[in-house]
Amino acid sequence: MKDTIRHLIQQALSRLVAEGVLPEGLSPVIQVENTKDKSNGDFASNIAMMLAKPAGMKPRDLAEKLVAALPADDGISKVDIAGPGFLNFFQNSDALAQRLEAALADSQLGVRKTGAQQRVVVDLSAPNLAKEMHVGHLRSTIIGDGVARVLEFLGDEVIRQNHVGDWGTQFGMLLAFMQEQPVDSDAELADLEGFYRAAKKRFDESPEFADRARELVVQLQAGDAECLRLWHRFNDISLSHCQALYDRLGVKLSMADVKGESAYNDDLANVVADLRAKGLLSESDGAQCVFMDEFKNAEGNPLPLIVQKAGGGYLYATTDLAATRYRANVLKADRALYFVDQRQALHFQMVFAAARLAGFVPASMQLEHMGFGTMNGADGRPFKTRDGGTVKLVDLINEAEERAYSLVKERNEQRAERGETPFDEAELREIGRVVGIASVKYADLSKHRTSDYSFNFELMLSFEGNTAPYLLYAYTRVASVFRKLGKDVAEIGGQITLVTEQEQALAGKLAQFADVLGGIADKGTPHLLCAYLYDLAGLFSSFYENCPILSVEDEAVRNSRLRLAALTGRTLKQGLELLGLETLERM
Ligand code: ARG
């Protein structure tokens, strides 16, 4: 609906330009928001206030001209002017009900992308294979997965790229250690974290070991067969650990999506040569650097983007430059989104700017760093184990499932006391698994991407507030309506008619689903979907309490409410699935 209103305003603006009321050459960003108070209509725009100055008019006068110039639309029953000059749009209930009927009849819930379909690279997860996946990579994995799912749902072609760290100096250390203590079976590498620590210890203790490690990195990067064999063996095991976590987390990533740093090895010399040929390289302390005017340090001195070390080695930036070119030329992406820690913001700004200067990507290709904040512990300090180590993701997931299981077990006893059939042990385990995983993911997804947040099991497992258990439970309430009825929505006739205040409010929210997804596709912010689903569940709750469904006498009213409930259920389920969450029919 917001898109429709934006379009209507655009038409009114063009008309006013043609009439000479507005000057030519204005290209305002037309903002349309949902109103908080329904007495102000359903949507509002501040366009008259934005354009009053360039138009040389009072905002309210311009607002009047705009309203007069707005084309009629079936979806809008009236437009009011409020306060300093807001345009308030009121939705037409009949048109709204018809839209919801169309959504109910459509497997896509009426959601279609408004702009052109794009090919989008989503760079996500990207753990460093030398170590076990730890909590730091949870965010890049699940936020990236959520956004990728939304883009796909809207009709974009998504190419997932797991740019794993598989080529750094740490590998020399690991290879040296593998040579020293031959690893006979994969099982001996089961504890990657322990293996890494032991290797690191040797590295720090013994200068000869450290020298050997450095030597091995050079040999590895030069393509030595034995080094490559060990390296492959190590990486395969490390990647299989990651894959096991993706599967448990319900993240849509497979081995086929892995395109690690090492994959660009053969192109790194070319990247440097091409930068040189374009006249973009300067030498600084023996290193090859790109200096760009817009990047200065705090003292105002130029900041280098180093692409080759004095010793000849390549860096993270070189690999990323090679990756931009691959994504443009081979993958033919229109857009590439990088879900990487906010602390790497400068790295990406510089890489993107250099890639553009060098012509590695076409001007039309969008490169966007979707940075995210740090996950802290409940105390607001960096998240650590009791002895100060990094928290392994697998431990965190195990604990989440265990805690969720205890919780549902407790609730199960109350079920029995209420005379409802309790769940058996296997069911409790399954509910615990779904709720545990969903809680960890949802807690992360529901925070604004760029803010830091505190990881807190108690809060995320609460059945109240904007949490996974609350939403999963809300979904089961809808499911239970249809279970009691013993019918599917397809067997229910009639149509949606919006009469009560609660029906209107719920319907208005349901109609916003497409707009919310559009916002996530633009901004890479799944928390918008969480906030939306939370509001939707709240509105369903007031509808459920105030508008009897199954017990209402009038068949037309009952059918309308059932249809509204069915659409709510499907929207909740679809929304949760786009966030990468499983739903339960009972819990
Ligand atoms: N492995 C890197 C890290 O853990 C993230 C890589 C992100 N993607 C990229 N194209 N640089 O910090």
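We count ligands from 1, going down the list as the structure has it; atoms in each ligand are counted the same way.
Within the structure, side-chain hydrogen bond (donor to acceptor under 3.5 Å, both in side chains) pairs that include any residue of residues 344-363 comprise Y316-Q344, D320-H347 (at least two apart or interchain). Within the structure, salt bridge (Lys or Arg N to Asp or Glu O under 4.0 Å) pairs that include any residue of residues 124-152 comprise E132-K392, R139-D444, D145-R149, E152-R160, E152-K252 (at least two apart or interchain). Annotation: salt bridge (Lys or Arg N to Asp or Glu O under 4.0 Å) contacts involving residues 331-349, sequence neighbours excluded, comprise R335-E368, D341-R343.
Protein residues with a heavy atom closer than 4.0 Å to ligand 1 are D123, A126, N128, H137, H163, Y316, D320, Y338, V340, Q344, F348, listed by chain and number.
Ionic pairing of R119 and E157 is present here: one or more N-O contacts between side-chain nitrogen and carboxylate oxygen are shorter than 4.0 angstrom.
Rounding to the nearest 0.5 angstrom, the gap separating the CD atom in E283 from the CZ atom in R276 is 8.5 Å.
The side-chain heavy atoms of L154 and Q117, taken from C-beta on, include no pair separated by under 4.5 Å.
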